[in-house]
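Report on the structure given below.
All heavy atoms count here, side chains included; hydrogens, waters and symmetry mates do not. All chains are named by letter (A, B, ...) in the order of the sequence lines, taking the proteins before the strands, and each is independently numbered beginning at 1.
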Number of protein chains: 2
Amino acid sequence: MSELAVKQVSQGVRSPVGREGVLDVAAKLFREQGYGSVSLRKIAEAAGIKAGSLYYHFGSKDEIVAAVLDVGIQVVHDSMRQAVSALPEGTGAEASLHAAIGAHLRALLDVSDYTSANVRIFGQVPQSVRDANLPTRRAYEAEWDALLSRLQQEGALKSDVDIRHLRLMLIGALNATLDWFDPARGSAEALSRTYADVFLNGILERQDT
Amino acid sequence: MSELAVKQVSQGVRSPVGREGVLDVAAKLFREQGYGSVSLRKIAEAAGIKAGSLYYHFGSKDEIVAAVLDVGIQVVHDSMRQAVSALPEGTGAEASLHAAIGAHLRALLDVSDYTSANVRIFGQVPQSVRDANLPTRRAYEAEWDALLSRLQQEGALKSDVDIRHLRLMLIGALNATLDWFDPARGSAEALSRTYADVFLNGILERQDT
DNA sequence: GTCTATAGTCGGATAGAC
DNA sequence: GTCTATCCGACTATAGAC
């Protein structure tokens, strides 16, 4: 028991420890610098340990990256699902889509280094790592397709738009905000209103207003 | 004169040669594999020469990447400007925007490895290389802002949308197609119609149809 | 669970022959 | 204009002490 206590104290000096702490700093670095620029040495240094010590927690760099990618999707998926399912029954298409868009943008821009790291580095990681992340991605995409299909069946969305295509357009547009979003210029909350409005109503001036 | 002739023949064996040929294969590789995965050795091999020989044409890897990035923007900029300026005077907002969107998507998805390489790797290259590409980018962005502002002043676009913001949304959405576009599933031409329609009119089912 | 030390690989870049 | 040969640094990963 005294041995355990000593161990815990001796770890207490460093900021983030353990497998989870390593993933936290890795996600942050990947988000900020991309995949290629972040070496195991950088991750270790940010976690307050030496590079070799990472191999106690992980078997390879790929394993670290894969874990970050998976968590990134899980976070945004949970956020979006909960936001939509929390709406009162009979909520209109506008409000439903706005809730989903808002949840996605908040996870991406406000909440999670994991989600933003995923969006930023997915196209940079080795093929095997991308493949490992695909099932998790598919589940999130299915959640969006279900929402959009429901709205279309209710007659709220144009009947001639392809759901898969619409989802690709929407998520692609939302993820692209990562490249230029600046919290000093406006909130993710305000952004989500703009995106929902543009996608729902377009940008054309209308006579019926 | 005979010496020149001999030189030209002796080069004729390899597929792409000279500075331009190197840039062509580099753009293709960057487009396909991203920045980090493409070494000078790979570029040299694809060009049919040895890695060291690249330094006759370029001073560094950064110089190659910077050249690819600049050409990439110039191509899409020229394409978009020409498409819009070729329209008859008095062309409506719908047709103008559709022309600009179509030109951007064609350059990105059909025509140019340089443009697609730019979109794909811009976020992966060293900061100094990004900075070098900024002036060229700014010029292209200004072209879009001018078009959108004109349409807004004509009363065709909603008066409350911020032009810069709208341009970021639009170009971001268009560039994101690079991640999933599959020519076997549809043409860039068809895509541009869909994007123009969604951005102009939205996806909501309307009473006035 | 973290350390030091190091093996092994691959990258960008340079020098000098042809 | 291209070659061969090579330097040097950085990276992932491993081995063994503590």
Atom-to-atom span, CZ of F58(A) to P of dT12(D) - whole angstrom: 14 Å
Nearest to the K50(A) side chain among dC11(D), dT14(D), dT4(C), which nucleotide is it? dT4(C)
Pair H104(B), N175(B): side-chain N/O donor-acceptor within cut-off below 3.5 Å: yes
Row check, Y114(A) ring normal vs K28(A) NZ/CZ: under 6.0 Å, within 45°: no
Rounded to whole Å, how long is the line connecting atom NZ of K61(B) with atom P of dT14(C)? 15 Å
Whole angstroms only, please: what is the CD1-P distance between I49(B) and dC3(D)? 6 Å
Take the protein atom NZ of K42(A) and the nucleotide atom P of dA10(D), then report the distance between them rounded to whole Å. 11 Å
S39(A) side chain N/O closer than 4.0 Å to the phosphate oxygens (OP1, OP2) of dC11(D)? yes
Listed nucleotide nearest any side-chain atom of L40(A), set dA13(C), dG1(D), dA13(D): dA13(D)
According to a strict under-4.0 Å criterion, is Y55(A) in side-chain N/O contact with OP1 or OP2 of dA13(D)? yes
Measure from CZ on R41(A) to P on dA13(D) and round the result to the nearest Å. 12 Å
Choosing from dT2(D), dA13(C), dT2(C), which nucleotide comes nearest the side chain of Y56(A)? dT2(C)
I'd like to know if D70(B) and R137(B) make a salt bridge, using a cut-off of under 4.0 Å between side-chain N and carboxylate O. no
Has E32(B) got more than 12 heavy atoms of other residues, nucleotides or ligands less than 6.0 Å from its CD? yes
Using whole Å, what does the distance between atom P of nucleotide dC11(D) and atom CG of L54(A) come to? 13 Å
Quickly work out the I43(A) CD1 to dA10(D) P distance and round it to whole Å. 17 Å
From the candidates dC3(C), dT2(D), dC11(D), the one with an atom nearest any side-chain atom of S53(A) is dC3(C)
